[in-house]
**Q** 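The structure follows.
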Amino acid sequence: MAPIGKLYGHPHQPQTKAILSAVAISGLEIDLLPFELGITNIPPEFPLAYVPTFVDDEGFKLIKGTTTARYVSALVPKAGLLGHDVKETAQIDQWVHFAGSEIFVPAANIYAGMVTKDLPTFTEEQRKYYQERAERSLKFLDDHLASRSSGLLVNDSLTIADIILATAVQRVGQTVCGAKERQETYRHVFAHFEKVTNDERIKHLFGEPEFVDEALAFKAG
């Protein structure tokens with residue numbers, strides 16, 4: 001099978017994981033090219049220096065991970081990543097957006113501010129704000145998953161929403177949720193994470209979760 005195109009992105013990047021997972025579950029192939037941040041992603045080949053970026057043999061180009069993962073999912077409808085009818089697809093889109101904006105963004109900001117130090121002016125007030133925002137969303141998500149006999153977001157098989165949520169929850173487990181929160185407060189959320197990331201088709205893409213024992217505490221300086 002010929003690759004569907006070329007992907008520029010780091011394999012540890014959550015967005016790249018989502019795309020590669022969609023490729024694997026759809027039974028497709030893609031060329032993941034060597035990538036070095038700040039060197040490989042330079043204009044004009046990379047609009048606004050976004051990664052991941054996808055390019056096919058006809059020059060069709062996509063930026064942003066969610067967009068590309070959804071495109072890949074649409075290439076093989078029978079894989080079911082976008083659901084089986086319009087209502088399921090709408091629910092999948094709902095959870096994709098929720099996972100990105102309400103789960104990943106708060107955790108990613110804390111990660112950037114406290115782990116990678118990419119936000120040098122990050123404060124305790126900001127950490128508290130993002131922590132509370134993540135906790136509110138995780139409670140809503142946990143209640144939903146508790147009502148799902150399959151343990152998945154929409155139906156009884158993996159969808160792109162489940163995959164993107166798993167990438168977001170991995171970041172949550174590295175920042176705002178320690179062992180107690182994972183095992184007790186949001187146990188359905190992290191059971192979902194285990195279910196998705198232990199799927200043999202994509203397990204290798206997620207690697208070790210690198211979860212923290214306790215939620216990150218702010219340290220000035």
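For clarity, every value in this text was computed on a predicted model and none was experimentally measured. Note that the numbering runs from 1 along the sequence shown for the chain. Computed over heavy atoms, backbone and side chain alike; hydrogens, waters and symmetry mates excluded.
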**Q** How close do Cys177 and Val212 get, heavy atom to heavy atom, and via which atoms?
**A** O-CG2, 3.7 Å
**Q** Closer than 3.5 angstrom, by distance alone: can the side chain of Asp162 be matched with the main-chain N or O of Thr159 as a donor-acceptor pair?
**A** yes
**Q** If you take all heavy atoms of Gln170 and Phe211, which pair is closest and at what distance?
**A** O-CE2, 3.6 Å
**Q** Is there a side-chain contact between Phe190 and Val172, using heavy atoms and a 4.5 Å cut-off?
**A** yes
**Q** Tell me, yes or no, whether the heavy-atom count around His12 atom NE2, taken from other residues, nucleotides or ligands under 6.0 Å, exceeds 12.
**A** no
**Q** Please answer whether the main-chain N or O of Val105 pairs with a side-chain N or O of Asn109 as donor and acceptor at a distance below 3.5 Å.
**A** yes
**Q** Would Arg70 and Val96 satisfy side chain to side chain contact (heavy atoms under 4.5 Å, CB included), going step by step from the backbone distance to the final call?
**A** CA-CA 10 Å; Arg70 199 185 192 290; Val96 164; over 6 Å; no
**Q** Can you tell me if Arg187 has over 12 outside heavy atoms packed within less than 6.0 Å of its CZ?
**A** no
**Q** Please report the closest heavy-atom contact between Ala168 and Ala99, naming both atoms and the distance.
**A** CB-O, 3.8 Å
**Q** Taking a hydrophobic cluster as the set of Ile, Leu, Val, Met, Phe, Trp and Tyr residues connected by side-chain heavy atoms closer than 4.5 Å, whether directly or through intermediates, do Phe104 and Leu138 fall within one such cluster?
**A** no
**Q** Apply the side chain to side chain contact (heavy atoms under 4.5 Å, CB included) test between Ile4 and each candidate in Asp56, Leu75, Val76; give the one that qualifies.
**A** Leu75
**Q** Assess whether a salt bridge exists between Asp199 and Arg201, defined as any Lys/Arg side-chain N lying under 4.0 Å from an Asp/Glu carboxylate O.
**A** yes
**Q** Any donor and acceptor pair, going by atom type alone, linking the side chain of Thr89 with main-chain N or O of Leu82 inside 3.5 Å?
**A** yes
**Q** Is the cationic atom of Arg127 (NZ for Lys, CZ for Arg) positioned less than 6.0 Å from the six-membered ring centroid of Phe218 and within 45 degrees of its normal?
**A** no
**Q** Could you tell me whether the side chain of Ser150 and the main chain of Leu152 form a donor-acceptor pair under 3.5 Å?
**A** yes
**Q** So which heavy atom on Ile160 is nearest to which on Ala69, and how close?
**A** CD1-CB, 3.8 Å
**Q** Sub-3.5 Å donor-acceptor pair from the side chain of Gln126 to the main-chain atoms of Thr123, do we have one?
**A** yes
**Q** Measure from the side-chain N and O atoms of Glu210 to the backbone N and O of Gln174, and report whether any donor-acceptor pair falls under 3.5 Å.
**A** no
**Q** Has Gln15 got a side-chain atom pairing as donor or acceptor with Gly9's backbone, closer than 3.5 angstrom?
**A** no
**Q** Could you check whether any side-chain N or O of Thr197 sits under 3.5 Å from a backbone N or O of Phe206, counting only pairs where one atom can act as donor and the other as acceptor?
**A** no
